[in-house]
Structure formats: C-alpha cells, structure tokens
> 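Below are the structure tokens for one structure; questions will follow.
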Amino acid sequence: MSRRRDVRDTYERIGRHFATTREYAWPEVEEFVARVTADRSFDRGLDLGCGNCRHAEVIADHVEHVVGLDASRALLETGRDRAAERDFEVSLALIQGDAAAFPLRDDTVDLAVYVATLHHLPTEADRRRSLDELGRVLTPDGRALVSAWSTAHDRFDDATEADATGFDTTVEWTLPGGESVGRFYHIYAPDEFERDLEASELNLLEWEVSSGNCYATVAGAQ
C-alpha cells in the first residue's frame with residue numbers, strides 16, 4: 001500500500017496545477033462513448049482516475065448517474081469545481097478511493113472510462129487487481145474503455161519488441177516555480193497489456209495501439 005500511497009501523495013502535490021493542463025477530453029474517449037451509446041441507453045457511469053472530471057463530463061451526457069473515483073483529494077476538488085462551473089445535468093458522486101480496491105458494489109456500473117491511470121499503479125499485482133475490480137463492478141452487458149501508455153510511444157524509442165513485460169520509469173512534472181516532481185509509470189508492452197486483460201475478470205472485446213497508448217474495449221464478466 002505504501003507505494004500506492006506515494007503515487008497518491010504525488011498527485012496531492014501537483015493536482016491543482018496538473019488539472020489546469022487537462023482541459024479537454026481525449027478524442028478516443030469521446031469516440032468510444034459515442035459509439036457504445038449510439039443504440040442503447042446506460043444508467044450508471046464510472047470515471048476511474050477521474051482527475052478534473054473532463055471525461056466524467058463526456059459520460060454525463062449519456063447516463064443518469066456518474067461516479068468519479070480518484071486517489072487524490074486535490075484532483076477531486078478540481079473535478080467538483082468543473083462540475084459546478086459547467087452544471088453537469090446528472091447526479092455526480094466524487095469518491096476518494098483506491099484503484100485497486102473500489103468502494104463500489106458488484107455489477108453496478110454500465111459505462112466506464114479508465115484512462116491514464118492503470119499505468120500509475122506500482123506493481124503487477126496492483127494492476128491486475130485493478131482490472132479485476134473493474135470486471136467486478138461492471139455489469140455483464142456494460143462497456144468500458146481502458147488505456148495505458150505503451151512502449152510504442154515515441155517517447156520510449158529505446159524500448160524494443162523484446163521488452164515483453166514493459167518497464168517502470170519516472171516522468172517528471174514541473175510545478176510553477178521550477179520544482180520537479182517525479183511520477184511513477186509502468187510502460188506497458190502491447191502484448192503484456194493484452195495478457196493482463198485476458199487474465200482478468202473482464203471480457204476483452206477488442207484492443208489496439210494508437211498514438212503510443214494501448215486501448216481496450218471491455219465488458220463485465222459473463
């Protein structure tokens with residue numbers, strides 16, 4: 001737990017500044033939500049690792065209730081501010097919690113987005129537990145988008161195809177005033193990403209590598 005606490009503490013330090021640089025939703029999230037909601041309705045959504053709720057805002061257009069979960073209280077405060085400023089027209093619950101142990105009941109989430117967070121969990125066991133947790137809370141006919149940085153990103157040109165298990169690294173964040181704060185990342189090898197999803201409680205529907213990220217569309221356990 002201490003290593004996950006270190007990650008949480010990092011985002012408590014940088015959260016307010018970090019959120020100012022994350023104004024817009026990812027196009028991949030917008031496309032995913034539009035695609036899966038085109039011919040059916042959803043009731044409850046989850047933005048896992050919600051940060052400033054830029055993706056919760058996308059989900060909110062298609063569900064009745066949204067839960068935003070993040071380890072950082074500082075980031076959750078920015079999400080609360082965003083929801084108030086933009087007047088989300090749904091019920092929004094923001095929860096400080098652990099991505100490897102969700103405080104949610106089984107089979108209660110219909111639509112989820114889990115982007116740019118899985119790779120911050122510091123151990124393989126944490127990451128696999130987190131995917132299992134998503135499988136636990138996602139309904140069998142629910143849908144989720146999962147993403148993580150991969151070795152295919154041009155930032156990691158030194159990585160090779162032989163790096164079948166990816167690697168851990170630190171990426172610096174510079175605060176106003178010049179202070180640098182290191183952020184933990186596990187950089188997934190694409191095959192490793194697929195293996196972890198296949199081994200989880202999730203039902204892997206499709207996956208791809210795009211713009212240096214691994215993306216997967218998953219459903220809850222059948």
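Because the structure is a prediction, the values reported are computed rather than measured.
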> Please verify the inter-ring angle class for His17 with Trp173; under 30° counts as parallel, over 60° as perpendicular, anything in between as tilted.
perpendicular
> Taking Asp110 for its side chain and Phe42 for its backbone only, find out whether a donor-acceptor pair lies under 3.5 Å.
no
> Hey, what's the ring geometry for Tyr188 with His186, parallel, tilted or perpendicular (30° and 60° as the breaks)?
perpendicular
> Please confirm whether Arg22 makes a cation-pi placement over Phe18, using NZ or CZ under 6.0 Å from the six-membered ring centre and within 45° of the ring normal.
yes
> Test Asp106 against Arg136 for salt bridge (charged side-chain N to carboxylate O under 4.0 Å, His left out), laying out the working first.
CA-CA 5 Å; Asp106 296 359; Arg136 178 182 65 80; 2.7 Å; yes
> Just verifying a value: how many Å separate His120 NE2 and Arg127 CZ, rounded to the nearest 0.5 Å?
12.0 Å
> Can you confirm whether more than 12 heavy atoms, excluding those of Arg40, are under 6.0 Å from its CZ atom?
yes
> Please round to the nearest 0.5 Å and tell me the distance separating atom CG of Asp191 and atom CG of Asp196.
11.5 Å
> Quick one: closest heavy-atom pair of Ala56 and Phe88, and the distance?
C-CE2, 4.2 Å
> Rounded to the nearest 0.5 Å, what's the gap from CZ on Arg73 to CZ on Arg8? Could you check?
9.5 Å
> Rounded to the nearest 0.5 Å, what's the gap from CG on Asn213 to CZ on Phe193? Could you check?
9.0 Å
> Just wondering, do Leu69 and Phe102 contact through their side chains at under 4.5 Å, heavy atoms?
yes
> Can you confirm whether Cys53 sits close enough to Leu94 that some side-chain heavy atom of one is under 4.5 Å from a side-chain heavy atom of the other?
yes
> Between Trp26 and Leu145, is there shared hydrophobic-cluster membership here, with clusters defined by ILVMFWY side-chain heavy atoms closer than 4.5 Å?
yes
> For the residue pair Ala25 and Val58, what are the closest heavy atoms and their distance?
CB-CG2, 3.6 Å
> Restricting to non-hydrogen atoms, name the atom on Arg143 and the atom on Leu205 that form the minimum distance, rounded to 0.1 Å.
NE-CD1, 3.4 Å
> What's the separation between atom OG1 in Thr139 and atom CZ in Arg44, rounded to the nearest 0.5 Å?
11.5 Å
> If you look at every heavy atom in Leu197 and Ala216, which pair is closest and at what distance?
CD1-CB, 3.4 Å
> Set out, in order, the CA-CA distance, both residues' side-chain angles and the distance that settles salt bridge (charged side-chain N to carboxylate O under 4.0 Å, His left out) for Arg129 and Asp98, then state yes or no.
CA-CA 11 Å; Arg129 190 177 303 115; Asp98 186 345; over 6 Å; no
